[in-house]
Each structure stands twice: as structure tokens, then as C-alpha cells.
Amino acid sequence: MNTLSVLTSEHGNMLLCLNNFKFYKQTILNSGEEKWRCENKKCSGENCLITFQRTEHTHDVSTENRLQRQVLSTGAK
């Protein structure tokens, strides 16, 4: 099972942590695709690049209150 979490780097940038490997946002393409690269610059493995395609959602956005409760709940664990 894949585990995905969001971290903040020492410089305040957002990092993704997927299965205990950290990725930084490399670029956003005109199509809306986000490319994330492994934080280890020497990494050239098959899974060192993650691509997300922005899509339309079929539900309402989460409320700010609900997101804050989730952050507090996760931080307390």
C-alpha cells in the first residue's frame, strides 16, 4: 500500500513523501501537469519522477475547518 504525506523542507518548500522517499516539485507544465522529482539528485531510478494531472473534481471542496481538524488530528498521533 502506498503512503503519501506532505512535508515542509528546511527552506519552507513543499515536499511529497511517497513510501518514505521525498520528492520536490520540479515544474508545472502548461497542460497543468505537475512533475515531482526525487530529492536525491543522483537518483535515476524508474520511479524517481511523479507526474500528477490536474483533473476536475465531482465534489465540493473540503471546508477550512475540516482541513484544520485533520491537521490537528494527524499532528497528535
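Scope of the values below: all heavy atoms of this structure, side chains included, with no hydrogens, waters or symmetry mates. Since the model is a prediction, treat every value here as computed from it, not as a measurement.
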### Task
Apply the side chain to side chain contact (heavy atoms under 4.5 Å, CB included) test between Phe23 and each candidate in Leu15, Leu7, Leu18; give the one that qualifies.
Leu18
### Query
Hey, what do you get for CG (Asn13) to CD (Glu39), rounding to the nearest 0.5 Å?
12.5 Å
### Message
Nearest 0.5 angstrom please: Ser5 OG to Asn20 CG, how far?
### Response
8.0 Å
### Working for side chain to side chain contact (heavy atoms under 4.5 Å, CB included), residues Val6 and Met14
CA-CA 7 Å; Val6 178; Met14 185 170 69; 3.5 Å; yes
### Task
Determine the minimum heavy-atom distance between Trp36 and Lys25, stating which atoms define it.
CE3-N, 3.2 Å
### Message
Distance to the ring centre below 6.0 angstrom and angle to the axis at most 45 degrees; does that hold for Lys35 and Tyr24?
### Response
no
